[in-house]
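Start at 1 with the first residue, then count along the sequence.
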Amino acid sequence: MDKKYKILIVIAVILIIGIVIFASSMGTTKDDNPRHIVVAMHNNIAEPDSGFDPTLGWGCGHQNYNPLVQSTLFKTDSNGTIVNDLATDYEISSDGLKWTVHIRDDVKFSDNTTLTASDVAFTFNQAKISHSELDMTNLESANATDNTTIEFNLKEPRSTFIYDLRYVGIIKEDGYNNETYGENPIGSGPYILKQWDRGQQAIFEVNPNYYGDEPYYTQITLLFPDEASWLELAKSGEADVIPVPINGLNETIEGYDKISLSAGRAQGISLPYQEDTGLTTDAGDPVGNNVTADDSIRKALNVGINRTEIVETTYSGHGAPEYTGVDSRDYGNPDAIVEDGDINEAKRILEEGGWSDTNGDGIVEKDGMNASFKLYYPSEYLDRQSLSVAFSEQAKEIGINVELVGTDWDTIYANMYNSAALMQQTSPDPYKSIYQQYHSKEIDTNYMNPNLYNNSKIDDIVEQAMTTTDLDASNSIWAQAAYTDGEGFGPAGDAPWVWVATYNYTYFVSDDINISTDRPDNLGNDILINILEWKPN
């Protein structure tokens, strides 16, 4: 045999072995059954260390998504409205401290036992003491008053409590063990956990006791790959639904459609709002930054950067400009938005604020201080690295030097009170996206309100929004916090952030599958939110 052909055969064998090794390392069990699918999860939904236990964060907490195994009291319909699931209706007391929820009486757990109000109360009380990322600190107690009624008693009124009721999956009280439940969860959702191979996959099969419509896909295999392997996973055909990495947004792969889903996933730059007065954190890290504490710096950046250009270059158009972090939510405020991409206006704002380039180096100064600061970003994410580079380059055009520091989250958290930090938020819950982000607070180790934004007028507004019992009215109150009479967290107000873009969640979806575009807007981070509507093409 010709030597050249021997070499080609060897190369071909190596490639085949490589694909086999890659597939086996992911542990996929993709088969020919048309009602079985394999879904690779986006890195915002990691494999749960503690298993599939909602009281420890599965399906809720920092990220919100379909828990599959468990049902929730409420769900989100295709219009994005929160509607009944296990619940049949609810009432809120006049003081906002008691929420009474009534539930269905025809729901069975996967082990054929009946789900009652006692299981619901137990779930929330367990979540309260679980010390997970799920924030239940405002829940005083949950009590079942009969088999179909639960009373939730809050420490303080919270109009956003509906989001906790929406996302916490209900577990079975009898026999619950917090050390073992996550591996063998019993729930009333559309699926049952069939098999969990840690570090590889979790396989779910349809729950015959499910009270809702039976899903077409009777088995779902979830993979939790890192972003570096997404493209190869799609090219090998080992999964039906796969996230698209930022370096693959312009790629096409035979056999897959590319679907871009809005998620309200706002990415932006937190700018320290306080001056450096010598104050330090308990760990000794400095607090405050004299450059970013100057409002002309913050306002000039908000006006001067070109968000549309960043969306096109960084995300290949799979996103939208973002100005307040909540532009697309029901509580967004268009009055808080400014015209951007105006370099001349940005330079005018700086000059009016006392900043000028006296030495001709292209960077403005004020009182002997250069307009220069560090921007920390998580180096593990390609999209955030790309955004940081684009932001730095555009900032230099208006005379501001942004020094980039790609690092880990511990280092970012240690420096977020003294330097700019690239953050993101996705939650539709205004308690997380507005109250925690902008209500004044003490220095702590949490990542909420990293720039220590402090405005007593805005505090009053968000407190009012939190305590109202009229949920529709609360949206208009939340909106006022972004801009009211020249103040607010938006760029037209105090501008403590430079929100830049919302980055869509983009997926390669097998052209054999229709995941339905009739799905809630701005919840693209939860790819499985409408799994019951998925059908074959």
#### Entry: Given Y90, W99, F161, the one that forms ring pair (Phe, Tyr, Trp, His ring centres under 6.0 Å) with F152
F161

### Query
Can a donor-acceptor pair be found between the side chains of N209 and S110 at a distance below 3.5 Å?
no

### Task
Starting at OG1 of T280, measure out to CG of D285 and round the result to the nearest 0.5 Å.
8.0 Å

### Query
Would the Y447 and H62 ring centres measure less than 6.0 Å apart?
yes

### Task
Can you see which heavy atom on E173 is nearest to which on S118, and at what distance?
OE1-OG, 2.6 Å

### Message
For Y503 and Y315, take the angle between the two ring planes, folded into 0 to 90°, and tell me which bin it lands in: parallel under 30, tilted 30 to 60, perpendicular over 60.
### Response
parallel

### For Y181 against G187, the heavy-atom pair lying closest together
OH-N, 4.4 Å

#### Entry: Contact summary for N64 and D526, nearest pair of heavy atoms
O-CB, 4.0 Å

### Message
We want to know whether S427 and Y163 form a side-chain donor-acceptor pair, criterion being a heavy-atom distance below 3.5 angstrom.
### Response
no

### Query
Near D282 CG, under 6.0 Å, is it more than 12 heavy atoms from other residues, nucleotides or ligands?
no

### Query
Which value, rounded to the nearest 0.5 Å, describes the distance between I253 atom CD1 and D511 atom CG?
12.0 Å

### Query
Side chains of Y507 and D240: do they bring a donor and an acceptor to under 3.5 Å?
no

### Matching residue for W196 among E47, E183, Q201 - test: side chain to side chain donor-acceptor pair (under 3.5 Å)
E47

### Task
Could you check whether the rings of F489 and Y438 sit parallel, tilted or perpendicular, using 30° and 60° as the cut-offs?
parallel

### Message
Using 0.5 Å steps for rounding, measure from the CZ atom of F122 to the NZ atom of K172.
### Response
11.5 Å

### Task
Looking only at non-hydrogen atoms, find the nearest pair between T72 and F74 and report the distance.
OG1-O, 2.6 Å

### Task
Consider only side-chain N and O atoms of T116 and N147, and report whether a donor and an acceptor are under 3.5 Å apart.
no

#### Entry: Check: D135/Y431 side-chain N/O donor and acceptor closer than 3.5 Å
yes

### Query
With side chains defined as the heavy atoms from C-beta onward, is the minimum distance between C60 and D164 less than 4.5 Å?
no

### Query
Do you see a donor-acceptor pair shorter than 3.5 Å between the side chains of K108 and T114?
yes

### Query
How about D383 and Q267: does a side-chain donor come under 3.5 Å of a side-chain acceptor?
yes

### Query
Side chains of Y331 and S433: do they bring a donor and an acceptor to under 3.5 Å?
yes

### Task
Over 60° means perpendicular and under 30° means parallel, so classify the ring planes of W58 and F204, tilted if in between.
parallel

